[in-house]
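Just so you know, residue 1 is the first one in the sequence shown, and it goes up from there. Atoms considered below: every heavy atom in the structure, side chains included; atoms not considered: hydrogens, waters and symmetry mates.
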Amino acid sequence: METATEVKVQSSKPSKGVVPVIDRISFDLGNRVNALTDGDKIVHFPSYSDRLSAKQDLDFGLPDFVERRSFRVDIGAQSFKVGAIAGLLTAKPTFSGDKWAKAKEFLFAGLAALGIEENAHIKELRCSVPDDQDLAQRTPFELLANTAHQFKINGHEYTVQIDAVQIAAEGKFAWLQACRDGLLMYPQYLNGVLDLGGGTAIARLIAPDGTIARDFEKVLQGGTSQLAAQIAAECSLTGVEGQIMDAIADGTFCVHAINFKNIYDALLPEWVEGIRAEMNKAWKPIQDQYAQILIVGGSAPIFAPFVDGNPRYVVAPNPQFYGLEAMQSNG
């Protein structure tokens, strides 16, 4: 990851009256995990948020708060529990609702997790969305620009100025980085990106000059949330799909003392085949005109074994954060 030329973060405590300036922060609002990077480090935390009632107390000394996986976020008169603590207190996972409406509380919690100063100035915030032509996805981020935001995280007051917001289609920066890294061996042709997340599977083709082939892009409701819903139905675990996704990710395959590994093994091939079938259908008219398909996203590791040895598929290293790192490091 390039850091020296891309991000200039004041490393020591600034003098009184001096507001540290951060050139760029990149933010991935995920369905299972939210992630941010300032170029030096990546922070991530579970993608849960819910309103905090006046009677609910939170202990900021608990490990999840100290490790910056749980947060209390206050924005004006509204208070939220965010991250791991929200999941523990039965908040619905982000993929089950309008996640764009939660952009502020997730972003502000992530900025605190990065350790920015309580007064800070961000020149550019980069964000990625599944459909960058959808105003419902763009607007919550665009409204963050040219504004000094005041909020509290775990009782600490912050004032953060954000100058500009750049919004990218998910997969675009990952494609660019893969071309530069030599992962995609034929950058002179159309190449594909399959971004496998918690709520969606996004397949798009990108031309050598960076133009997205819009007529052939496909946003599938086929992330691991769909697989988790099928497992929940089989195991009578309806309502805990988010915990099922977490158990898949950490390899425990157990929720509420119910081990679902056998059901997972039985359903996984069907899930993978469904995604490949939808992608192949969308790209069939030009199936001989694109070269390779880059696989990124948090669900990439469970998809990868099914295409191992197929030279048309390329799994990115550290696939969950490959696109985030690429978004941060490419000018």
side-chain hydrogen bond (donor to acceptor under 3.5 Å, both in side chains): which pairs involve residues 202-211, sequence neighbours left out?
R204-E217, D209-T211

Salt bridge (charged side-chain N to carboxylate O under 4.0 Å, His left out) involving K172 - partner list, sequence neighbours excluded:
none

Keeping the roles fixed (side chain from K152, backbone from I75), state whether a donor-acceptor pair exists under 3.5 Å.
no

Mind telling me whether Y186 and Y189 have parallel, tilted or perpendicular rings, with 30° and 60° as the class edges?
tilted

Would you tell me whether N259 and Y264 have side-chain atoms, one donor and one acceptor, within less than 3.5 Å of each other?
no

Using the rule given for ring pair (Phe, Tyr, Trp, His ring centres under 6.0 Å), can you reason through F71 versus F80, listing the C-alpha separation, both sets of side-chain angles and the distance that settles it, and then say yes or no?
CA-CA 8 Å; F71 311 86; F80 304 89; over 10 Å; no

Side-chain donor-acceptor pairs of residues 159-166 under 3.5 Å, sequence neighbours excluded:
residue: Q161; atom: OE1; partner: A148; partner atom: N; Å: 3.4
residue: Q161; atom: NE2; partner: D163; partner atom: OD1; Å: 3.3
residue: D163; atom: OD1; partner: H121; partner atom: NE2; Å: 3.1
residue: D163; atom: OD2; partner: H121; partner atom: NE2; Å: 2.6
residue: Q166; atom: OE1; partner: R126; partner atom: NE; Å: 3.1
residue: Q166; atom: OE1; partner: R126; partner atom: NH2; Å: 3.4

Treating E241 as the side-chain partner and G239 as the backbone partner, does any N or O pair qualify as donor plus acceptor under 3.5 Å?
yes

Taking only residues two or more places apart in sequence, or in another chain, which ones meet D57 in a side chain to side chain donor-acceptor pair (under 3.5 Å)?
none

Which residues pass the salt bridge (charged side-chain N to carboxylate O under 4.0 Å, His left out) test with D250, sequence neighbours left out?
none

Is it true that D265 and K261 have a side-chain N and a carboxylate O under 4.0 angstrom from each other?
yes

Sequence neighbours left out, cut at 3.5 Å: what donor-acceptor pairs do the side chains of residues 287-298 make with other protein atoms?
residue: Q292; atom: OE1; partner: M185; partner atom: N; Å: 2.8
residue: Q292; atom: NE2; partner: P311; partner atom: O; Å: 2.9

Using the rule given for side chain to side chain contact (heavy atoms under 4.5 Å, CB included), can you reason through V82 versus L52, listing the C-alpha separation, both sets of side-chain angles and the distance that settles it, and then say yes or no?
CA-CA 9 Å; V82 173; L52 184 67; over 6 Å; no

Taking salt bridge (charged side-chain N to carboxylate O under 4.0 Å, His left out) as the test, write out the residues that go with D131, two or more places apart.
none

Going through the checks in order, is the side chain to side chain contact (heavy atoms under 4.5 Å, CB included) test met by L114 and I25?
CA-CA 10 Å; L114 277 172; I25 285 179; 4.0 Å; yes

Residue set satisfying side chain to side chain donor-acceptor pair (under 3.5 Å) with D246, at least two apart, ordered chain then number -> R32

List the atom pairs, with distances to 0.1 Å, where a side-chain N or O of residues 274-286 and a protein N or O form a donor-acceptor pair under 3.5 Å, not counting sequence neighbours.
residue: R276; atom: NE; partner: Y313; partner atom: OH; Å: 3.4
residue: N280; atom: ND2; partner: R276; partner atom: O; Å: 3.1
residue: W283; atom: NE1; partner: F216; partner atom: O; Å: 2.7

Run the side chain to side chain contact (heavy atoms under 4.5 Å, CB included) test on W271 and S299 for me, step by step, so that the C-alpha distance in whole Å, both residues' side-chain angles and the decisive distance to 0.1 Å come before the verdict.
CA-CA 11 Å; W271 175 78; S299 300; 4.1 Å; yes

Sequence neighbours excluded, which residues qualify as salt bridge (charged side-chain N to carboxylate O under 4.0 Å, His left out) partners of R312?
none

Residues which pass side-chain contact (heavy atoms from CB on, under 4.5 Å) with N318, listed by chain and number, not counting sequence neighbours
F321, E325

Would you say Y48 and L237 are hydrophobically clustered, going by side-chain heavy atoms of ILVMFWY under 4.5 Å?
no

Same cluster or not: are I85 and F151 linked, directly or through other Ile, Leu, Val, Met, Phe, Trp or Tyr residues, by side-chain heavy atoms under 4.5 angstrom apart?
no

Using the six-membered ring wherever Trp is involved, compare the ring planes of H149 and F108 and label them parallel, tilted or perpendicular (cut-offs 30° and 60°).
tilted

Run the side chain to side chain contact (heavy atoms under 4.5 Å, CB included) test on L324 and I42 for me, step by step, so that the C-alpha distance in whole Å, both residues' side-chain angles and the decisive distance to 0.1 Å come before the verdict.
CA-CA 9 Å; L324 180 70; I42 293 173; 4.0 Å; yes

With sequence neighbours left out, write down each residue that passes side chain to side chain donor-acceptor pair (under 3.5 Å) with T94, or none if nothing qualifies.
S47

